[in-house]
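Down below is the structure, laid out as structure tokens.
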Amino acid sequence: MTGLQQAVQLFQAGRFADAENLLRGLLKSSPKHPGALFLQGNCFAQRGAWGDAVSAFENAIAFSPNFLDARLDLARLYTQMGRTEDAETCLRGAIAGAPGSAIAHTALGLMLFKASRLAEAEGAFREAAHLEPTQPLAHKNLGDAIWSQGRQMEAIDHHAEAVQYWQGSPNDEFFSHVWQVLTTMGQQARALLIAQKWLQLNPNDAVALHCAAASRGDTPSRASDGYVTEMFDQFAQSFDEQLAAVDYQGPALVTEALRRVNPQCAAAGLDAGCGTGLCAPLLRPLASRLIGVDLSPKMLQLARERGGHDELVEQELTSYLQAHPNCFDWIVSADTFLYFGNLKALVQAAMQTLFPGGHLIFTVERATTPSPFALLPEGRYCHSPGYITAVLAEAGFELLFLEARPIRNENSRTITALVATARKPTVSACGVA
């Protein structure tokens, strides 16, 4: 084994100081050895000696101008140091020396994309995809650059191609994005292919299973706990921003309905499916005590940071209601019932947890078909007015209002919600208060 091979093994084992000492001896006898200089540069970089690392990489390149890895690592180091112009020069030099390197084109594209030079990034990614046409990340990167320039229809073709070439563990957020966009565009057959590929890579993924069911037109009775948790954990950080972009009115609608029937603040309230806590600032003045419950821990963390709730609970909603009889004056739920098809168990549990005279207020998406409820291609459920009326009556509620109201905009169309306001009677069927 050569001294350089020994140094490589030490480096790979994380023994950077030992590797550096060995390389120092090697370079005394062979000061122009590109491989030793390259490895020395990486040793310096590992301990934060960036100036020494730059010198070592530059020397390696000087003695071997087409040393691709040295140019790529030097460009990466320049980027860390904030020397973006030097990084770009280095990467363009790498491409000049190795025009067939998809890695070099990708590295340049990523740097340009980060600098918001989107058209140039697109060109670099397009060349990488041409050089490695079955490389999924090449198509993903190209799709990202095109999407960021507003050409969504073109971008989604590359994103879908990336999914079909994907190997190993899927990127759940990316796969979900591709499936959602295709579904929204009405391309159900292509969306189903995305879900099937997702399941091929991870057969037990709850989100993929739900998406496949929605694309096939199946109607399970409700979304699984795993789907709700995984989906909302994925989108927690961007959730509020996404809702603002579609002019989401859920919190305002349920608060308006609550104020109509319960204007006083001396009440115990439940924010059912509280998410990131968007409703909390509006509901807080109407509650002496406000509890939030949700399945997504990442959403709850954001709700905790927002403030407004007295307590936040991570639990499935129906089971929480069943475990807390006669605890609340009102229950408000903005767009959580969308993930239940059959509402019977949920509404009956709400009846149990309310005080007599308490109110249940919730939104669902209005169905446009005769079915009582259906799983939409987008993965949400819709419900008919007749079904909402019947399920509330069966549970013993008095329906006060059932109103059709615009709740958000989606792909240039207005989504209509049903806002239900129901009251638990103050006298039971046998006449005992």
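No salt bridge links K140 with E161; every basic N to acidic carboxylate O contact stays at or beyond 4.0 Å. A salt bridge does not link R71 to E58: none of the charged side-chain nitrogens sits closer than 4.0 Å to a carboxylate oxygen. Note on E410 versus R408: salt bridge recorded, some NZ/NE/NH1/NH2 to OD/OE distance being below 4.0 Å. Ion pairing between R306 and D240 holds under the 4.0 Å rule for side-chain N and carboxylate O. A salt bridge links E316 with R222; the closest basic N to acidic carboxylate O contact falls under 4.0 Å. Using a cut-off of 4.0 Å between Lys/Arg side-chain N and Asp/Glu carboxylate O, E403 and R260 are scored as salt-bridged. A salt bridge links E88 to R117: one of the charged nitrogens lies within less than 4.0 Å of a carboxylate oxygen.
For Q237, the side-chain contact (heavy atoms from CB on, under 4.5 Å) criterion is met by L302, not counting sequence neighbours. Residues forming a salt bridge (Lys or Arg N to Asp or Glu O under 4.0 Å) with E241 (at least two apart in sequence, or on another chain): none. With sequence neighbours excluded, the residues satisfying side-chain hydrogen bond (donor to acceptor under 3.5 Å, both in side chains) with R304 are Q301. Listed by chain and residue number, L321, I331, L360, F397 satisfy the side-chain contact (heavy atoms from CB on, under 4.5 Å) test with A350 (two or more places apart in sequence, or in another chain). F44 meets the ring-ring contact (aromatic ring centres under 6.0 Å, His included) test with no other residue; sequence neighbours excluded. Partners of Y387 according to the side-chain hydrogen bond (donor to acceptor under 3.5 Å, both in side chains) rule, which considers only residues two or more places apart in sequence or in another chain, are N342. In terms of the side-chain hydrogen bond (donor to acceptor under 3.5 Å, both in side chains) criterion, residue partners of D310 (sequence neighbours excluded) are, by chain and number, R284.
For an aromatic pair to be called close, the ring centres must be under 6.0 Å apart, and F232 with Y339 satisfies this.
Sorted by first and then second residue, the ring-ring contact (aromatic ring centres under 6.0 Å, His included) pairs involving residues 265-301 (not counting sequence neighbours) form an empty list. Within the structure, every pair that satisfies the ring-ring contact (aromatic ring centres under 6.0 Å, His included) test and touches residues 135-157, not counting sequence neighbours, is listed here: H139-Y165, W147-H177.
One distance of note links CG of D271 with CD1 of I291; it measures 10.0 Å at 0.5 Å rounding. Here the straight-line distance linking atom SG of C43 with atom CZ of F16 works out to 7.5 Å at 0.5 Å rounding.
With hydrogens and angles left out, the side-chain atoms of Q352 and Q322 include no donor and acceptor closer than 3.5 Å.
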Run the side-chain donor-acceptor check on residues 244-251: report pairs under 3.5 Å with partners two or more places apart or on a different chain.
unit_1: D247; atom_1: OD1; unit_2: Q249; atom_2: NE2; d: 2.9
unit_1: Y248; atom_1: OH; unit_2: D335; atom_2: OD2; d: 3.4
unit_1: Q249; atom_1: NE2; unit_2: D247; atom_2: O; d: 3.3

Return all side-chain donor-acceptor pairs below 3.5 angstrom for residues 102-113, not counting sequence neighbours, or 'none' if the list is empty.
unit_1: H105; atom_1: NE2; unit_2: P99; atom_2: O; d: 3.1
unit_1: T106; atom_1: OG1; unit_2: A102; atom_2: O; d: 2.9

Side-chain donor-acceptor pairs of residues 188-198 under 3.5 Å, sequence neighbours excluded:
unit_1: Q188; atom_1: NE2; unit_2: T183; atom_2: O; d: 3.2
unit_1: R190; atom_1: NH1; unit_2: D157; atom_2: OD1; d: 3.1
unit_1: R190; atom_1: NH1; unit_2: Q187; atom_2: OE1; d: 2.7
unit_1: R190; atom_1: NH2; unit_2: D157; atom_2: OD1; d: 3.1
unit_1: K197; atom_1: NZ; unit_2: Q164; atom_2: O; d: 3.4
unit_1: K197; atom_1: NZ; unit_2: W166; atom_2: O; d: 3.2
unit_1: W198; atom_1: NE1; unit_2: D172; atom_2: OD1; d: 3.1

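Side-chain atoms of H210 do not come within 3.5 Å of backbone N or O of A206 as any donor-acceptor pair. Of the possible donor and acceptor atoms, one in the side chain of Q135 sits under 3.5 Å from a partner among the backbone N and O of L137.
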